[in-house]
2 protein chains.
Amino acid sequence: MADRSTQFEKALLGLRSLILEGAFEPNSRLPEVALSERLGLSRTPLRRAMDRLIEEGLLERIETGGCRVARFTFQDIIDSIELRGVVEGTAARLAAERGVPEALMAQADGILARIDSALAGEVDFDAYVEGNAAFHDLLAQLAGSPVIQREATRIRNLPLASPSAFLHRQDLLPDFQASLTRAQVQHRAMIEAIAAREGSRAEALAREHARLARQNLEYLTRTEPGLAPQVPGLALVSSEDT
Amino acid sequence: MADRSTQFEKALLGLRSLILEGAFEPNSRLPEVALSERLGLSRTPLRRAMDRLIEEGLLERIETGGCRVARFTFQDIIDSIELRGVVEGTAARLAAERGVPEALMAQADGILARIDSALAGEVDFDAYVEGNAAFHDLLAQLAGSPVIQREATRIRNLPLASPSAFLHRQDLLPDFQASLTRAQVQHRAMIEAIAAREGSRAEALAREHARLARQNLEYLTRTEPGLAPQVPGLALVSSEDT
DNA sequence: TGACAGGTTAATGTATACAACCTAGCGTCC
DNA sequence: GGACGCTAGGTTGTATACATTAACCTGTCA
């Protein structure tokens with residue numbers, strides 16, 4: 001996130017992808033030298049990337065040293081989405097309580113209009129995804145609090161909580177256009193609640209919005225079990241214990 | 001957190017202390033070599049510690065490279081406490097909704113009893129702080145979700161959100177024993193709400209509990225302005241802009 | 001006198017070498 | 001035969017050397 005096109009960035013993206021693709025056995029230890037050779041870089045940036053992935057919850061530290069791939073379940077994804085709704089709900093509530101500068105509300109309207117365009121007629125899926133990301137980034141800003149913004153953005157970018165983990169296959173939903181439209185209705189309702197200074201409603205709407213993502217995910221995994229390995233974050237999901 | 005008595009740990013604790021004590025000018029760049037010499041270790045563990053402190057929000061990365069001390073305000077501390085209440089509230093709500101194993105509830109009762117003892121008669125402040133930490137650690141576990149537990153613990157340990165940032169001078173409160181007793185009443189009410197499976201009430205109580213910490217902080221800074229430099233997290237607080 | 005170009009310095013990012021630790025396997029002793 | 005200890009191998013944690021890049025200063029030219 002910090003550096004562009006550095007070895008660290010390569011290590012971070014490469015290792016994260018490998019983990020989410022299920023390239024490693026859960027609970028398996030990750031030897032640093034072998035990994036660094038596999039990724040074509042030295043141990044220094046690799047270790048930095050591993051530290052970051054530990055923060056993200058994809059890896060966990062071993063007491064004796066080193067780290068291993070974390071075991072996570074479908075319920076962990078559900079919980080991550082719930083948490084995202086809670087934190088975004090807080091951003092929305094505080095924004096409503098404290099008020100939002102004109103300029104930011106105008107930006108919000110612009111983003112909503114962009115998403116409307118993406119949904120009009122034939123759905124422009126890429127444009128929707130882009131607009132959706134912009135909306136949630138802005139939502140994190142609306143409370144005017146660096147702390148809230150940081151944490152909301154952070155949790156939204158957690159691999160397990162990231163909408164992009166399944167959004168890219170949302171075309172498999174029974175009526176995916178209807179789902180996106182429903183999400184956009186919630187987007188607009190949130191902004192309206194914030195403008196109306198109704199904190200509780202804004203918070204509830206944000207939570208409801210996250211729950212929609214959860215329902216979509218549950219539907220996808222119920223009807224398309226074969227999809228799991230393709231969906232980052234679901235590759236390691238299993239029903240076994242510990 | 002991971003390693004004990006390693007150079008990394010020394011770097012993390014040392015640098016964090018220096019920042020919170022206000023040893024650096026806000027927005028000042030931190031040169032790695034000078035810092036590593038000052039802390040008596042090499043750049044490798046120092047850089048790891050700096051990465052961690054960036055995650056915690058005490059430092060921020062500079063586009064061109066390196067990092068500087070973050071500027072934070074009193075409002076940032078308020079927001080961090082608010083966020084802590086929200087996430088702990090979620091842990092409490094989910095625990096109530098999903099139910100908690102007998103063994104964990106028994107542990108909770110044990111901790112509550114320990115805090116009661118600490119408050120009986122002459123207040124044993126250290127024992128209270130220890131029991132309070134145990135309570136909040138357990139609260140993070142009650143939902144039975146590794147994700148919730150991770151994030152609740154993480155946010156609680158953020159320097160700006162940490163109760164220990166001002167708890168150690170809580171003896172300056174007008175009637176600090178009453179304040180601790182009120183907190184303990186809230187502790188017990190939370191556990192009872194969870195046992196009664198009342199999620200909304202449990203969540204509201206956790207938020208209320210965080211708000212008590214906020215009120216204490218506000219009182220302290222209002223009546224003892226000279227205390228600020230001694231209170232970690234307040235050293236860098238200022239009313240100037242950007 | 002001001003602005004631009006070139007060089008020099010110092011900083012970070014990266015690689016690698018070194019050291020301490022844990023683990024496992026084998027041999028010996030009880 | 002089993003258990004304890006020692007040694008060897010490998011892995012991580014740390015230090016340092018190297019390279020690359022950005023900033024700053026200086027000198028010259030317009």
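The structure presented is a predicted model; accordingly, all values stated were derived computationally and were not measured. Within every chain, numbering begins at 1; the chains are lettered A, B, ... in the order of the sequence lines, protein sequences first and strands thereafter.
- The distance from atom CG of Leu46(B) to atom C1' of dT14(D) is 13 Å, rounded to the nearest whole Å.
- For residues 130-155 of chain A, the set of pairs meeting the ring pair (Phe, Tyr, Trp, His ring centres under 6.0 Å) definition, not counting sequence neighbours, comprises Phe135(A)-His187(A), His136(A)-His187(A), His136(A)-His209(A).
- Residues forming a side chain to side chain donor-acceptor pair (under 3.5 Å) with Ser80(A) (at least two apart in sequence, or on another chain): none.
- Residue pairs meeting the salt bridge (charged side-chain N to carboxylate O under 4.0 Å, His left out) criterion with at least one member in residues 33-46 of chain A, sequence neighbours excluded: Glu32(A)-Arg43(A).
- The separation between Asp51(A) atom CG and dT12(D) atom P is 13 Å, rounded to whole Å.
- Residue Arg61(A) has its side chain nearest to dG13(D) when only dG13(D), dG13(C), dT12(D) are considered.
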Anything under 3.5 Å between a donor and an acceptor, one on a side chain of residues 12-19 of chain B, the other on a protein residue two or more places apart or in another chain? List them.
unit_1	atom_1	unit_2	atom_2	d
Arg16(B)	NH1	Glu56(B)	OE1	3.0
Arg16(B)	NH1	Glu56(B)	OE2	2.5
Ser17(B)	OG	Leu13(B)	O	2.9

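- The CD-P distance, from Gln7(A) to dT14(C), rounds to 6 Å in whole Å.
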Tabulate protein N/O versus nucleotide N/O from nucleotides 16-24 of chain C, keeping only pairs under 3.5 Å, one per line.
unit_1	atom_1	unit_2	atom_2	d
dT16(C)	O4	Thr44(A)	OG1	3.4

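- Arg47(B) has its CZ atom 14 Å from the C1' atom of dT14(D), to the nearest Å.
- Residue pairs satisfying the salt bridge (charged side-chain N to carboxylate O under 4.0 Å, His left out) criterion with at least one member in residues 98-110 of chain B, sequence neighbours excluded, are listed as follows: Asp79(A)-Arg98(B).
- For the pair Leu41(B) and Leu30(A), nearest-nucleotide mapping onto DNA chain D gives the more 5' position to Leu30(A).
- Which of dT14(D), dT11(D), dA15(C) sits closest to the side chain of Pro45(A) comes down to dA15(C).
- As rounded to whole Å, 13 Å separates atom P of dG13(D) from atom CZ of Arg52(B).
- The shortest distance between side-chain heavy atoms of Phe24(A) and Arg68(A) does not fall below 4.5 Å.
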